[in-house]
There are 2 protein chains.
Amino acid sequence: MAGVSKGTVSNVFTQKRAVRKEVVDRVLRAAHELNFKPNYWARTLSMKETRIIGLSMQAEQTKFSQFHLSLINGVLQVCYDQGYRLLINTRAADHKRDLRHSTTDPVDGEILLDPQENDERFIRRTETSPPAVVVGRPPEALGTQFCYVDNDSVASAKKATQFLIDLGHRHILFLNTPKERTVSEDRRRGYESAIHQAGYEIHPELHIYERLNTHSLEYGQTTTREMLAQGRTFSAIIAGSDKIALGVYQAAMEMRVSIPGQLSVFAFENDTVFTSEFCPPLTGITLNAERIGSEAASLLIERLRNPSTPTVYRLIPTEIIIRESCRIWNARN
Amino acid sequence: MAGVSKGTVSNVFTQKRAVRKEVVDRVLRAAHELNFKPNYWARTLSMKETRIIGLSMQAEQTKFSQFHLSLINGVLQVCYDQGYRLLINTRAADHKRDLRHSTTDPVDGEILLDPQENDERFIRRTETSPPAVVVGRPPEALGTQFCYVDNDSVASAKKATQFLIDLGHRHILFLNTPKERTVSEDRRRGYESAIHQAGYEIHPELHIYERLNTHSLEYGQTTTREMLAQGRTFSAIIAGSDKIALGVYQAAMEMRVSIPGQLSVFAFENDTVFTSEFCPPLTGITLNAERIGSEAASLLIERLRNPSTPTVYRLIPTEIIIRESCRIWNARN
DNA sequence: TGAAAATATTAAACCGGTTTTGCAATATGG
DNA sequence: CCATATTGCAAAACCGGTTTAATATTTTCA
């Protein structure tokens with residue numbers, strides 16, 4: 001319609017080669033009239049770039065948590081600024097399906113969430129897979145092969161435990177997240193390190209892992225209830241998430257144990273709005289999920305632009321937020 | 001490598017035409033050896049189907065709320081079951097950029113969030129745009145052209161107001177969400193309808209819209225503070241969201257107004273976990289966001305399969321959840 | 001003025017699949 | 001046993017762009 005060839009139209013749209021102003025006008029006018037837009041897929045096919053980054057959840061998992069929400073918001077901000085789109089990968093893992101049903105991924109790069117030990121996403125990854133950045137620490141064995149962004153979980157847990165020890169607590173119950181998540185093990189290390197450093201004994205029965213596929217709130221509630229019913233000695237609880245802490249609160253209410261009078265509660269916080277509304281407001285440590293998300297996205301996009309950048313990782317600092325659920329503990333309590 | 005033609009390999013992978021078992025084996029063995037997978041975008045180009053659905057946010061907006069989170073979880077569940085992926089559209093609107101930078105969308109269909117009156121996404125939509133389903137009510141003028149999934153906002157607001165009227169409240173302050181959102185206007189109608197039906201007078205000064213781009217919590221807090229300071233008469237507040245309600249709580253605490261003793265608070269709830277932890281626990285109406293998400297996704301996928309399905313909309317019911325923030329009001333209070 | 005350089009355009013090749021067409025090999029059946 | 005279906009595969013066209021190589025036009029400058 002504009003009386004020019006395919007290639008010229010391409011040049012008008014991509015602006016990679018000069019086109020005479022008059023011709024540009026003619027082409028754009030025709031494009032507007034025909035409501036023409038370059039086909040995304042055809043362009044992708046020849047450019048070999050989608051400008052889409054993927055967010056890969058754990059296999060079989062389809063629900064985002066509050067932590068994920070903040071993280072996604074961080075990722076989105078960077079995507080928006082850099083002109084990328086975000087694809088949530090909900091497809092079942094390839095190997096579960098027939099090889100015949102698998103295809104390449106429609107993304108330039110991926111952010112991998114919630115790494116686990118023996119995580120198939122890492123094992124299946126080949127040199128042709130798109131570049132990836134992990135949120136959280138990748139499995140031990142592959143530690144050095146992946147870029148990752150994480151909190152310094154060991155240090156965070158140590159700092160948290162230290163905080164309670166400084167308040168006078170000696171028996172601290174740790175309701176940890178599932179063992180399969182790499183972060184859980186890190187936090188256990190930090191927790192034990194702080195106790196050890198204070199010269200106290202480590203009581204293995206005071207450290208409990210959540211089981212996969214359970215409701216966190218219920219886990220916090222029933223475990224706390226059981227531990228209290230059994231008459232275990234502990235004056236403080238560290239909850240692996242705010243939802244777990246909520247369960248602790250409910251169990252404490254049931255059992256008429258006052259917080260923080262008889263029990264201090266401390267949590268790794270995923271959602272700051274939420275936690276400030278606990279009754280009493282929950283003391284804990286924020287994970288800066290949004291910042292983790294934006295760092296992960298920046299790191300990934302940087303690698304896409306320059307694939308030769310070395311494997312790096314970034315640790316996002318955590319901060320203790322003191323509210324009202326922890327109190328000084330004296331021997332006489 | 002398998003000694004067969006391109007077309008045969010295609011048939012092995014798509015299974016659209018019969019291929020001899022022996023040849024299938026040879027091809028698959030070779031594919032495995034070469035780590036070959038069909039290219040997603042090449043396939044898309046010739047099939048004209050991406051099996052990706054898009055989630056379109058308001059222009060310029062890059063943050064999801066708690067309500068969105070639940071909604072997305074509902075969408076993801078359906079996507080997972082149906083073999084679709086979800087793309088979050090964070091690109092700036094086409095028309096803001098040069099026409100030269102626009103392309104077709106890389107999705108089969110779209111879910112449009114947070115419709116507003118004069119929403120450019122609707123105006124720009126042409127017959128070549130992918131099918132769309134709206135979450136919330138589309139702009140008045142286009143009402144019949146789009147499938148949408150929504151709460152029955154008029155009925156919800158009426159039910160909520162009726163609930164407070166039944167408790168004896170006559171002056172109910174409504175802290176509504178921004179006027180630009182179609183839902184706000186619907187709720188105002190329901191609110192006024194209930195008041196009118198009860199035979200009470202409508203006080204326009206007791207209905208306030210949030211301004212766009214403000215913090216909801218702050219809006220709730222400052223507005224409540226001002227209204228109380230001005231000595232306005234009202235015994236109950238309906239908050240357009242739980243975050244607004246949180247602001248109301250904070251203002252009430254500042255001004256030493258007890259909830260629910262001196263003031264009943266009722267909210268449209270986006271997050272059920274959150275609201276049960278208000279102090280006192282918040283009474284309100286749940287929007288069933290997750291269900292809205294899954295219905296929207298199902299509806300969209302249904303339309304993709306069969307484009308001739310008529311334009312329909314689905315109203316998701318809401319339920320009042322009675323907790324402790326609302327109390328009977330007598331004239332003598 | 002004419003040769004060299006710079007600029008603008010086109011035709012053709014290509015990206016990596018799917019789909020159509022046509023032909024050979026095998027199966028069916030009267 | 002031969003005509004007719006049916007099945008299985010290769011060759012070629014196609015999806016809608018980008019990119020390269022070749023060509024035509026204009027500009028620069030000796």
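Note that the structure is a prediction, hence the values are computed from the model and not measured. Protein chains get the first letters and strands the later ones, always in sequence-line order, with residue 1 at the start of each.
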NA contact type, A:V9, heavy-atom cut-off 4.0 Å: base, sugar-phosphate, or nothing?
-> nothing
Could you check whether A:V4 gets within reach of a base, just the sugar-phosphate, or nothing at all, counting any heavy atom under 4.0 Å?
-> sugar-phosphate
C:dT18 phosphate, OP1 or OP2, under 4.0 Å from B:K6 side-chain N/O = no
A:K16 NZ - C:dT10 P separation (whole Å) = 19 Å
Looking only at D:dG16, C:dT19, D:dC9, the nucleotide nearest the B:L45 side chain is D:dG16
Separation of atom CD in B:E22 from atom C1' in D:dG8, rounded to whole Å | 12 Å
Nearest to the side chain of A:K48 - C:dC15, D:dG16, C:dT9?
-> C:dC15
Side chain of A:S46 - closest among C:dT20, D:dG17, D:dA10 = D:dG17
A:F13 CZ - D:dT18 P separation (whole Å) | 9 Å
Length of the OH-P vector between A:Y40 and D:dT18, whole Å = 13 Å
Indicate, with yes or no, if the rings of B:F36 and B:F13 have centres closer together than 6.0 Å.
-> yes
What's the CZ-C1' distance between B:R17 and D:dA10, to the nearest Å?
-> 13 Å
Nucleotide nearest B:M47 (side chain, heavy atoms from C-beta), chosen from D:dA10, D:dG17, C:dT19 | C:dT19
With the side chain defined as heavy atoms from C-beta on, B:R20 is closest, among D:dG8, C:dT9, C:dT18, to D:dG8
Between B:F36 (CZ) and C:dC15 (P), how many Å, whole number?
-> 14 Å
A:N118 and A:E180: side chain donor to acceptor below 3.5 Å = no
No-hydrogen, no-angle side-chain donor-acceptor test under 3.5 Å, B:T44 and B:T50 | no
Compare the minimum distances between each of C:dT20, C:dT10, C:dG17 and the side chain of A:N11, then state the nucleotide with the smallest one.
-> C:dT10
Does C:dG17 have OP1 or OP2 sitting under 4.0 Å from an N or O in the side chain of B:S10?
-> no
Atom CZ of B:R43 to atom C1' of C:dT19: distance rounded to whole Å?
-> 13 Å
Run the numbers on A:E33 and A:R29 for salt bridge (charged side-chain N to carboxylate O under 4.0 Å, His left out), then give the verdict.
-> CA-CA 6 Å; A:E33 195 142 338; A:R29 207 173 315 117; over 6 Å; no
With a 4.0 Å cut-off on heavy atoms, is B:T14 in touch with a base, just the backbone sugar-phosphate, or nothing at all?
-> sugar-phosphate
Let me know the distance between CH2 of A:W41 and P of C:dC14, rounded to the nearest Å.
-> 25 Å
Can you tell which of A:D186, A:D152, A:D150, A:T182 makes a side-chain hydrogen bond (donor to acceptor under 3.5 Å, both in side chains) with A:R137?
-> A:D186
